[in-house]
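Because the structure is a prediction, the values reported are computed rather than measured.
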Amino acid sequence: MLKLYSYFRSSAAYRVRIALALKGLAYDTIPVHLLKDGGQQHTNAFRSANPQGLVPALQLSAEGPVLAQSLAIIEYLDETQGGPALLPKDALGRARVRALAQMVACEIHPLNNLRVLKYLKRNLGISDAQKDAWYAHWVALGLQAVEDTLTRGNETGRFCHGESPGLADCCLVPQVFNARRFNCALDAYPTINRIVEACEQLPAFQQAAPDMQPDAE
């Protein structure tokens with residue numbers, strides 16, 4: 001049985017949960033609370049599984065290797081497991097989908113994840129209002145780029161690429177969930193909103209949602 005080290009509100013873990021659900025793969029959730037006990041991701045027990053001290057991490061079997069980094073995990077699942085493909089068959093399509101996914105996972109998310117926000121407050125002494133402004137700025141900049149890419153691309157369909165959800169959708173939905181949590185304005189992104197609404201109607205995305213997780217609070 002696969003074991004997923006996860007935190008219910010982690011957008012990176014959320015991406016992998018969506019991919020697992022789309023693939024129809026069963027797994028055990030190992031909760032790693034990012035706030036309790038000073039952050040359980042910092043414990044020696046967890047760092048023995050993932051030296052980076054971040055979720056998600058996916059253990060392939062009881063004595064098997066542990067994979068880290070959400071995009072690497074999702075591509076591994078796509079390459080080794082059955083079920084719907086999460087990347088297109090053609091090289092150009094794969095490049096487009098990876099670019100959309102990385103706009104979220106490599107450009108928006110790293111500037112706004114928990115450890116960055118905590119550093120801004122604790123180490124640099126910024127106020128809650130300044131922190132929220134920082135968050136909203138990078139979300140707006142990043143989502144506008146995603147919106148423009150989707151709007152201009154003939155490959156955009158019901159989902160980010162064509163008529164079935166894939167890697168890019170696995171990244172986009174959690175980012176929009178986080179943007180909603182922080183009360184970011186989203187009206188300027190009609191294509192993103194349409195795609196996210198289509199995704200959220202699917203059982204796989206509903207199953208992977210934060211409030212459906214065993215560690216949800």
- From L77 CG over to L25 CG, what is the distance, rounded to the nearest 0.5 angstrom?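 That separation rounds to 6.0 Å.
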
- From L117 CG over to R122 CZ, what is the distance, rounded to the nearest 0.5 angstrom?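 Going from the CG atom of L117 to the CZ atom of R122 covers 11.0 Å.
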
Indicate yes or no for a side-chain donor-acceptor contact from [X] to the backbone of [Y] under 3.5 Å, with no hydrogens or angles considered.
X    : Y    : answer
Q206 : E200 : yes
S48  : A45  : yes
Q213 : Q207 : yes
D169 : G166 : yes

Between the side chains of [X] and [Y], does any donor sit under 3.5 Å from an acceptor?
X    : Y    : result
Q41  : H33  : no
Q52  : Q69  : yes
Q40  : D37  : yes
R17  : S70  : no
D148 : Q144 : yes
T29  : S6   : no

Answer yes when [X] and [Y] have at least one side-chain N-carboxylate O distance shorter than 4.0 Å, and no when they do not.
X    : Y    : answer
R194 : E147 : no
R98  : E75  : yes
E197 : R158 : no

- Message: Is it true that, when you exclude K131 itself, more than 12 heavy atoms of the residues, nucleotides or ligands shown sit nearer than 6.0 Å to its NZ?
- Response: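 Above 12, so yes.
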
- Take atom CG in L124; do more than 12 heavy atoms of anything else shown fall under 6.0 Å from it?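 Yes, because the 6.0 Å sphere around CG of L124 holds more than 12 heavy atoms from other groups.
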
- Kindly give the heavy-atom pair with the smallest separation between Q59 and Y5, and that separation in Å.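 Taking every non-hydrogen atom into account, OE1-OH, 3.5 Å.
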
- Say whether Y7 and F182 are linked into one hydrophobic cluster, either directly or through other cluster members, by side-chain heavy-atom distances under 4.5 angstrom.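 Not linked; separate clusters.
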
